[in-house]
Amino acid sequence: MIFTCPAPAKLNLFLHITGRRSDGYHYLQTIFQFLDYSDELQFVVREDGQIYCDTTNIDVPMEHNLAYQAARCLQQHTQTHYGVDIQIEKHIPVGGGLGGGSSDAATTLLALNKLWRCQLDTKTLMQLGLRLGADVPVFIQGHAAWAEGVGEKLIPVTLTESWFVVIHPNCHVSTAEIFTASDLTRNQKIVTMHDFLAGRTINVCEDVVTRRYPEVKQALKWLESHGSARLTGTGACVFAPFAQQEQAQAVLATVPNQWRAFLAKGQNDSPVIKKLACLT
Ligand SMILES: C[C@](O)(CO)[C@H](O)COP(=O)(O)OP(=O)(O)OC[C@H]1O[C@@H](n2ccc(N)nc2=O)[C@H](O)[C@@H]1O
Ligand SMILES: Nc1ncnc2c1ncn2[C@@H]1O[C@H](COP(=O)(O)OP(=O)(O)OP(=O)(O)O)[C@@H](O)[C@H]1O
């Protein structure tokens, strides 16, 4: 049987840094919302315990693929005799701050938990996911969330599901590079949902990223002239929300063609949860 499941992109609707742990990880405050823009993963269970992962359009060795690592991690944790062939059709730009790799990992953990009949609960899957990346737990939990800690302390929130224009300037920003930058602000004061709703939040990485990547600065400036533009995660993508699809479509149509851009709707519920419900 082939089981096909999406792995949605996410946006960080704001991103603050409030401190740094002794291991170098940062304490964040952020809001995650999903987009109806996804990678597609296909799973075929194997009886021989082998794990294979093949991905279109990206140049990542199989063992470094986060979906492969997720499968390996679950297999080791549960000691299952099953294996899997995973085929990933990549749509989410790599290194874009859209959480594509993390989402592929989360979809793999969720799907294989069912297909391999592991019966792990969501909390355990989130703990396994956190080993693979700070963004993985929110994709497993499956609901838009206010996040703290390193991104793993999640409170589900229900947000307006705006239409977003997302622009990918043609560059790849390394998350590690931005989090180790000496000029990154790391001592923002704690904010609340009220501050977010009142427009008193930012993406604190924007200054550091735009100083280092002129392409991101240019895309942000362009989008700011059409809406309320912001960086997602540590970039490289920038986005702006619109209430109406037509407004967003009109802006999308004028994006300079040196950049890749797309339109997507914000989603409070991950499509993965619905898809998994199809599996008994
Ligand atoms: C920037 C965000 O996308 C915001 O949602 C995430 O915090 C990044 O999540 P991610 O890519 O899953 O992150 P990981 O793969 O765990 O870590 C990538 C790099 O970012 C740094 N990192 C990540 C998360 C965090 N709270 N503090 C960090 O300093 C890590 O030290 C590492 O060098
Ligand atoms: N399945 C995968 N899809 C995309 N990238 C992957 C995958 N597996 C491993 N990677 C590696 O992970 C790195 C980060 O890719 P990803 O697209 O998740 O970045 P990102 O969206 O900026 O992440 P985040 O917002 O979580 O920081 C890439 O450089 C790539 O080499």
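We count ligands from 1, going down the list as the structure has it; atoms in each ligand are counted the same way. Just so it is clear, the structure is predicted and the values come from calculations on it, not from any experiment.
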Below 4.0 angstrom from a heavy atom of [X], which ligand 1 atoms are there? Numbered from 1 as shown, please.
| X | answer |
| --- | --- |
| G24 | 29 (O) |
| K10 | 3 (O), 5 (O) |
| N12 | 4 (C), 5 (O) |

Sub-4.0 Å heavy-atom contact, [X] with ligand 2:
| X | answer |
| --- | --- |
| T55 | no |
| H172 | yes |
| G233 | no |

Heavy atom of L28 under 4.0 Å from ligand 1? yes
For G97, is the nearest heavy atom under 4.0 Å from an atom of ligand 1? no
Does F179 reach ligand 1 with a nitrogen or oxygen that is under 3.5 Å from one of the ligand's nitrogen or oxygen atoms? no
Without hydrogens or angle criteria, can the side chains of Q75 and R72 be said to hold a donor-acceptor pair below 3.5 Å? yes
Taking atom types as modelled and ignoring hydrogens, do the side chains of Q33 and N268 form a donor-acceptor contact shorter than 3.5 angstrom? yes
F34 and F139 aromatic ring geometry - parallel, tilted or perpendicular at 30°/60° bounds: tilted
Please work out whether the ring planes of F262 and Y37 are parallel, tilted or perpendicular, with thresholds of 30° and 60°. parallel
Any non-hydrogen protein atom less than 4.0 Å away from atom 28 (C) of ligand 2: yes
Test of proximity, D104 against ligand 2: N or O pairs below 3.5 Å: yes
From the candidates G133, A7, G97, the one that places a heavy atom nearest atom 20 (P) of ligand 2: G97
Please work out which of D39, V136, V94, I88 has its closest non-hydrogen atom nearest to atom 5 (N) of ligand 2. V94
Under 4.0 Å between a side-chain nitrogen and a carboxylate oxygen: does that hold for [X] and [Y]?
| X | Y | answer |
| --- | --- | --- |
| D36 | K265 | no |
| D23 | R21 | yes |
| D183 | R212 | yes |

Nearest protein heavy atom with distance in Å, relative to atom 4 (C) of ligand 2: K90 NZ, 3.4 Å
Part of V60 with heavy atoms under 4.0 Å of ligand 2, whether side chain, backbone, both or neither: side chain
Quick one: pull up NE2 in H143 and CD in Q267 and give me the separation to the nearest 0.5 Å. 11.0 Å
